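First comes the structure, then the notes that go with it.
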Amino acid sequence: MKKLLSVLLAMTMALSFAACSGSAANSSAAAPANSTAGKAAGGDSGDMTVVGFSQVGAESDWRTANTASMKETFTEANGYKLIFDDAQQKQENQITAIRNFIQQEVDYIVLAPVTETGWDTVLKEAKDAGIPVIIVDRMIDVSDDSLFTCWVGSDFRKEGDTAVKWMQDNLKDKKELHIVHLQGTIGSSAQIGRTEGLEAGVKANPGWKLVAQQTGEFTQAKGQEVMESLLKQNDKIDVVYCENDNMAFGAIDAIEAAGKKAGKGGDITVISFDSTKAGLEATLKGKINYNVECNPLHGPRVESIIKELKAGKTPQKLAYVDETAFDANTITQAVIDARAY
Ligand code: GYE
């Protein structure tokens, strides 16, 4: 009897090992269409596809819209069990979340990375577990591209170049331009690309002076605090280049509290990124002169990647979202009304 039991046990182990290596063999190229991982993860997830999403945090309106898009897409009614984790802007929390997703044997890991570097080890663990990793929004910088399945997000350098082009075209009458620069989270792709754009613009335009460059961490409170101190330190500021709408709102409050006028026809030109509904309202009011769009509605994009993977297809490795920009001189209420975020 004992012998029979141990034979049975050995057979069960061999079978479950085969199942594991079966899914590992699929690697990051494709997930098992009828994975049982969901059952392990939720206990009650049945045939649902289990998605673990590690989100950066809730630092901005953009981020809130991004989270909403993911939650609206990955619903039980659509056949998903979403395990959502808010990392509060800390990479260590994201690494812990990914390790938990691996342990829960989710079908797919979706990562919106806070910074570009530092992902090699944990993504190797996900790869070894045979779980496809989809990167969304910001990009990662890894030594081995096979550590992630694919990425979808924005061309942040292009966004920076778009803002610079507007500054060149619209502020050309000024012989000297004193620019202060509120940066996003240092080391995030959104910061890196938008900063590169501005720095290239400063190099190319001899009259442009970058008088200060400081992070406002993509939040309104920090944007306001930094702008307040920059206004005290510099009496000549012509432009504030804010790497997102929330920092722009903070900067505008600081400018107005200092008795100056922000935006169209004012003392300080305000450049912003994201073009959230609130950002566009500030643009329509003329408080933001130029707002470069960054689209946060990634839920349906990530879902179509998952559908491709399920169908055994190979999704495009890097997919850029199409984006535009809005000028306070031409924006209309209709644009804002049509805005989904
Ligand atoms: O611009 C900012 C958010 O990574 C594109 O992160 C995103 C940026 C966005 O906090 O508002």
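Atoms within a ligand are numbered from 1 in the order they appear, just like the ligands themselves. Source: prediction; values computed, not measured.
- Residues passing the side-chain hydrogen bond (donor to acceptor under 3.5 Å, both in side chains) test with Q224, sequence neighbours excluded: E228.
- Once rounded to the nearest 0.5 Å, the distance linking OG1 of T276 with CD of E293 reads 10.5 Å.
- For ligand 1, the 4.0 Å heavy-atom shell takes in E59, S60, W62, R63, D137, R138, F156, A190, R194, F218, N244, D274, C294, ordered by chain and residue number.
- For the 3.5 Å distance criterion, the side chains of E303 and T73 fail to qualify, holding no donor opposite an acceptor.
- Looking at D245 and I288, their side chains come closer than 4.5 Å, going by heavy atoms from C-beta outward.
- Taking the ring centroids of Y320 and F156, they lie at or beyond the 6.0 Å cut-off.
- Evaluated for a side chain to side chain contact (heavy atoms under 4.5 Å, CB included) with V240, the options L231, I255, N289 yield exactly one hit, I255.
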